[in-house]
*Asks:* 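The following block contains the structure, expressed as structure tokens.
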2 protein chains.
Amino acid sequence: MVRHIGQVSTDAFTVLAEPTRRRILDQLRDAERSVGELVDGLGVSQPAVSKHLRVLREAGFVTCRTAARQRIYRLDPGPLRAVDGWLDPYRRLWTRHLDALERHLDSQEQ
Amino acid sequence: MVRHIGQVSTDAFTVLAEPTRRRILDQLRDAERSVGELVDGLGVSQPAVSKHLRVLREAGFVTCRTAARQRIYRLDPGPLRAVDGWLDPYRRLWTRHLDALERHLDSQEQ
DNA sequence: CGCTCATATACCTTGACGGTCATATGAATG
DNA sequence: CATTCATATGACCGTCAAGGTATATGAGCG
């Protein structure tokens, strides 16, 4: 029912489902990196990495800038915040559990 | 390198990548439900729902108990907490941004 | 301007997954 | 104990995505 004008960017969970992509995000967590740097330490071919980067880019997880002959990729927090937001209504499941536990412990006090 | 003894349970992100499964979780957020109740309101065939429930079960997202002829499914917070935990090191990306913004705004004050 | 380094794309093969239809299980019920 | 209701499983099909190899693009350099 939802109309999309242009390209439908893959949804965040689908993007995160790929282990290699999560490892890429891990690598970008602390610093931005060139494609070559990502290829080393991932143990995957360069084309594979480039394809994952494209997916990540189109879903907004990363941005890239050109520096000389390299492309430097950088993490964008947006989609991860969205996932965080999706989790929000579920969070009470465990915080409430904690609350209940606390009440229980409180009732045990004397 | 990790050895698994029995069935390798699908990882949490892969499970969440499926929209129908997320809708099932949504439905279980407020109350436990039977398979039939889930089938209504999902618009998917009963076998499809059962298969998704199996995936969710094996990944620990839901538990089920038998009540008369029905199977009642209930949400288990475990794997969602794990996802929440995975997000943790990324969270500073936006909290830091906030910090930076605050510092900026502070510096603008007079 | 031809060469090379860094990255992206094309093409192909393979494997996993979701859906449906048909059928099996298994508990309640008459 | 046969039947029926609720759910699970199996067989089959179509789709899609990931990985690899080969190749195209494109910026910098001699």
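The figures here come from the full heavy-atom set of this structure, side chains too, leaving out hydrogens, waters and symmetry mates. Below, read A as the first sequence line, B as the second, and so on, with proteins coming before strands; counting in each chain starts at 1. Since the model is a prediction, treat every value here as computed from it, not as a measurement.
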*Asks:* Quiz question: by atom type and distance under 3.5 Å, do the side chains of Q46(A) and S50(A) form a donor-acceptor pair?
*Replies:* yes
*Asks:* Looking at T10(A), is its backbone amide N or carbonyl O close enough to the side chain of T14(A) to form a donor-acceptor pair, meaning the two atoms are under 3.5 Å apart?
*Replies:* no
*Asks:* Look up atom CG in L56(A) and atom OH in Y73(A), then write down how far apart they are to the nearest 0.5 Å.
*Replies:* 9.0 Å
*Asks:* Regarding Q70(A), tell me which of base, sugar-phosphate or nothing describes its non-hydrogen contacts under 4.0 Å with the strands shown.
*Replies:* sugar-phosphate
*Asks:* Which nucleotide wins on minimum distance to the side chain of R69(B), given the candidates dA8(D), dA8(C), dG26(C)?
*Replies:* dG26(C)
*Asks:* Quickly work out the L56(B) CG to dT7(D) C1' distance and round it to whole Å.
*Replies:* 16 Å
*Asks:* Would you call R81(B)-D84(B) a salt bridge at under 4.0 Å N-O?
*Replies:* no
*Asks:* Hey, are R21(B) and D26(B) close enough for a salt bridge, meaning a charged N less than 4.0 Å from a carboxylate O?
*Replies:* no
*Asks:* Heavy atoms only, 4.0 Å cut-off, all strands: where does S34(A) land among base, sugar-phosphate and nothing?
*Replies:* sugar-phosphate
*Asks:* How close or far is atom C1' of dA6(D) from atom CG of L53(B), stated in whole angstroms?
*Replies:* 13 Å
*Asks:* Looking at every non-hydrogen atom in both residues, tell me the closest pair between D40(A) and Q27(A) and how far apart they are.
*Replies:* O-NE2, 4.2 Å
*Asks:* Kindly point out which of dA8(C), dT7(D), dT9(D) is positioned nearest to the side chain of V35(A)?
*Replies:* dA8(C)
*Asks:* Using only heavy-atom distances, decide whether a donor-acceptor pair under 3.5 angstrom links the side-chain of Q46(A) to the base of dA6(C).
*Replies:* no
*Asks:* Whole angstrom is fine here: how far is it from CZ in R54(B) over to C1' in dG19(C)?
*Replies:* 16 Å
*Asks:* Could you tell me the separation between the CZ atom of R33(B) and the C1' atom of dA6(D), rounded to a whole number of Å?
*Replies:* 17 Å
*Asks:* May I have the distance from I24(A) (atom CD1) to dT7(C) (atom C1'), rounded to whole angstrom?
*Replies:* 13 Å
*Asks:* Quick check on dA8(D): is either OP1 or OP2 less than 4.0 Å from any side-chain nitrogen or oxygen of Y73(B)?
*Replies:* yes
*Asks:* Assert yes or no for the condition that the ring centre distance of Y90(A) to W86(A) is strictly below 6.0 Å.
*Replies:* yes
*Asks:* List, with names and distances, any nitrogen or oxygen atoms from the protein found under 3.5 Å away from nitrogen or oxygen atoms belonging to nucleotides 16-19 of chain D.
*Replies:*
unit_1, atom_1, unit_2, atom_2, d
dA18(D), OP1, R21(A), NH1, 3.2
dA18(D), OP1, R21(A), NH2, 2.7
dG19(D), OP1, T20(A), OG1, 3.3
dG19(D), OP2, H52(A), NE2, 2.5

*Asks:* In whole Å, what is the span from the CD1 atom of I72(B) to the P atom of dA27(C)?
*Replies:* 15 Å
*Asks:* How many whole angstroms separate atom CD of E58(A) from atom C1' of dA8(C)?
*Replies:* 12 Å
*Asks:* What integer distance in Å separates L42(B):CG from dG19(C):P?
*Replies:* 10 Å
